[in-house]
Amino acid sequence: MNHLIAPSILAADFANLQRDLEMINTSDADWVHVDIMDGMFVPNISFGFPVVSATKKHATKPLDVHLMIVEPDRYLKAFKDAGADGLTVHYEACPHLHRTIQAIKELGCRAGVALNPHTPVALLDDIIADLDMVLIMSVNPGFGGQKFIQNTYKKLNDIKELSQRKNPGLLIEVDGGVDQSNVEKLLQAGANVLVAGNSVFSSANQLAAISNLKYPEKLLQS
Ligand code: DX5
Ligand code: ZN
């Protein structure tokens with residue numbers, strides 16, 4: 001399959017969110033990545049339902065909502081109602097992950113599970129067949145603009161191998177420190193959805209930065 005690009009609006013200009021979403025609408029991006037942080041699961045707080053609803057109003061592409069929150073089950077429906085198309089919960093935040101995944105699917109959303117950098121892929125062995133997507137964190141969740149963790153490549157190889165055995169249609173998303181310099185290696189290792197915050201929004205040419213992630217073989221000035 002062709003890989004997907006999901007710019008993360010955590011790095012957008014919140015005073016000009018509509019403008020930044022319109023840029024994404026006209027770009028080669030496939031989804032809009034929406035990071036929800038609660039100050040509990042991660043040390044940072046991002047934004048909540050009103051911002052997700054406003055994002056939905058102006059985005060023409062599906063919202064890929066990444067929940068970095070404790071007890072996500074309490075809020076799944078509210079995020080769906082705010083406009084989420086996909087909901088990703090953290091393995092580390094879900095003691096009853098199977099039930100949480102079923103709840104996401106019952107809402108009609110794409111169901112994803114995110115793994116922190118220290119969480120082994122093997123822990124997904126008994127749930128992988130139920131998932132639409134696995135998100136491999138390539139930084140510690142909580143902040144944009146962090147340094148990419150090299151062990152991510154090994155984890156991508158692991159999840160690719162597991163998906164080939166048990167769920168060949170699995171989406172494999174990588175999130176954190178993704179830019180022009182590592183995109184090809186990430187795709188080779190098994191990623192097929194790339195999240196990018198800083199490398200897109202800090203670029204002088206944001207449309208070109210997105211195109212360079214989507215079509216790394218034809219590099220543009222970004
Ligand atoms: C980090 C978030 C990421 C973040 C990525 O906790 O999950 O989605 O926006 O930002 P960059 O691409 O700047 O590392
Ligand atoms: Zn994210």
Side-chain angles (χ1 to χ4, degrees), residues 3-14 17 20-21 23-24 27 29-48 51-52 55 59 61-70 72 75 79 84-94 104 109-119 132-153 155-156 171-183 185-187 191-204 206 209-210 212-214 216 222:
H3 67 277
L4 307 178
I5 305 298
S8 167
I9 57 166
L10 188 66
D13 176 354
F14 291 126
L17 188 54
D20 285 359
L21 288 165
M23 181 282 294
I24 295 175
S27 76
D30 300 278
W31 295 347
V32 179
H33 187 79
V34 179
D35 286 309
I36 308 295
M37 304 177 181
D38 66 352
M40 293 287 290
F41 182 69
V42 289
N44 198 7
I45 295 177
S46 58
F47 46 77
V51 175
V52 179
T55 300
K61 304 186 180 190
L63 302 193
D64 172 39
V65 177
H66 176 192
L67 298 178
M68 286 163 273
I69 65 176
V70 297
Y75 299 107
F79 280 111
D85 295 280
L87 284 168
T88 298
V89 294
H90 266 263
Y91 178 88
E92 303 83 5
C94 296
I104 294 174
C109 289
R110 180 176 40 68
V113 172
L115 298 184
N116 276 341
H118 73 280
T119 305
D132 298 308
M133 185 169 86
V134 170
L135 186 167
I136 302 291
M137 285 303 309
S138 39
V139 297
N140 284 294
F143 303 93
Q146 301 182 79
K147 192 166 173 283
F148 179 87
I149 296 172
Q150 295 295 321
N151 190 51
T152 304
Y153 297 116
K155 290 182 76 173
L156 287 170
L171 292 165
I172 301 175
E173 184 172 55
V174 62
D175 184 6
V178 174
D179 61 23
Q180 244 166 254
S181 73
N182 54 21
V183 51
K185 204 168 161 193
L186 290 169
L187 296 173
N192 50 33
V193 185
L194 305 178
V195 176
N198 250 57
S199 70
V200 167
F201 286 99
S202 67
S203 168
Q206 299 176 345
I210 293 172
N212 286 340
L213 296 174
K214 183 77 181 176
S222 62

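We count ligands from 1, going down the list as the structure has it; atoms in each ligand are counted the same way.
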Closest contact, heavy atoms only, L194 versus V183: CD1-CG2, 3.4 Å
Provide the number and element of each atom of ligand 1 under 4.0 Å from a heavy atom of P141. 6 (O)
Where W31 and P7 come nearest, the two heavy atoms and their spacing: O-CD, 3.1 Å
Could you say whether the N/O atoms of N140 and ligand 1 ever approach to under 3.5 Å? no
With the Zn ion (ligand 2) as the reference point, give the N/O/S atom of D35 that is nearest. OD1
Which heavy atom in H66 sits nearest to a heavy atom in D175, and how many Å separate them? ND1-OD2, 3.2 Å
closest protein heavy atom to atom 1 (C) of ligand 1 is F143 O, 3.5 Å
Carboxylate-amine/guanidinium proximity below 4.0 Å for R110 and D64: yes
I'd like to know if G177 contacts ligand 1, where contact means a heavy-atom distance under 4.0 Å to any ligand atom. yes
Atom indices of ligand 1 within 4.0 angstrom of M37 heavy atoms, with elements: 6 (O)
Below a 4.0 angstrom heavy-atom separation, can you tell me which part of A196, side chain or backbone, both or neither, approaches ligand 1? backbone
If you round to 10 degrees, what value do you get for the angle at the Zn ion (ligand 2) between D175 atom OD2 and H33 atom NE2? 100°
So which heavy atom in the protein is nearest atom 10 (O) of ligand 1, and how far is it from that ligand atom? G144 CA, 3.6 Å
So CG of N182 and OG of S138: to nearest 0.5 Å the spacing works out to 7.5 Å
For F143, does the CZ atom sit with more than 12 other heavy atoms under 6.0 Å from it, leaving out its own atoms? yes
H66, N/O/S atom nearest the Zn ion (ligand 2): ND1
Regarding D35 and H33, do their side chains bring together a donor and an acceptor under 3.5 Å, going by distance alone? yes
Note, P216 side chain near L187 side chain (heavy atom, < 4.5 Å): yes
State the atoms of ligand 1, each with its element, that fall below the 4.0 Å cut-off from a heavy-atom position in G176. 14 (O)
Number the atoms of ligand 1 from 1 as they appear, then name those within less than 4.0 Å of a heavy atom of H33, with their elements. 8 (O)
S8 heavy atoms, cut-off 4.0 Å: which ligand 1 atoms fall inside? 8 (O), 9 (O)
Check the pair F47, L17 against side-chain contact (heavy atoms from CB on, under 4.5 Å), reporting the backbone distance first and the verdict last. CA-CA 13 Å; F47 46 77; L17 188 54; over 6 Å; no
Using a 4.0 Å cutoff against the non-hydrogen atoms of M68, which atoms of ligand 1 qualify? 6 (O), 7 (O)
Mark yes or no for whether K61, through its side chain, and A6, through its backbone, hold a donor-acceptor pair below 3.5 Å. no
Exercise: identify the closest heavy-atom pair between V42 and D38: N-OD1, 3.7 Å
Considering only non-hydrogen protein atoms, determine which one is nearest to atom 5 (C) of ligand 1 and report residue, atom name and distance to 0.1 Å. D175 OD1, 3.5 Å
So for ligand 1, is H66 a polar contact partner (N or O within less than 3.5 Å, distance only)? yes
Heteroatom distance test (G142, ligand 1): nitrogen or oxygen, under 3.5 angstrom: yes
D20: what forms a salt bridge (charged side-chain N to carboxylate O under 4.0 Å, His left out) with it, not counting sequence neighbours? none
Please work out, at 4.0 Å between heavy atoms, whether the side chain, the backbone, both, or neither of N198 comes within that distance of ligand 1. both
Do any heavy atoms of A11 fall under 4.0 Å from ligand 1? no
Could you pull out, from D64, D35, I9, L194, the option with a heavy atom nearest to atom 2 (C) of ligand 1? D35
To check you understand the geometry: which heavy-atom pair defines the closest contact between H3 and L213, and what is its length? NE2-O, 2.8 Å
Counting from 1 in the order shown, the ligand 1 atoms closer than 4.0 Å to a non-hydrogen atom of V195 are 8 (O)
Considering both backbone and side-chain atoms of L10, is one of its nitrogen or oxygen atoms within less than 3.5 Å of a nitrogen or oxygen in ligand 1? no
Considering non-hydrogen atoms only, spot the tightest contact between P117 and V139 and give its length. CG-O, 3.4 Å
Please confirm whether G197 comes within less than 3.5 Å of ligand 1 when only nitrogen or oxygen atoms on both sides are compared. yes
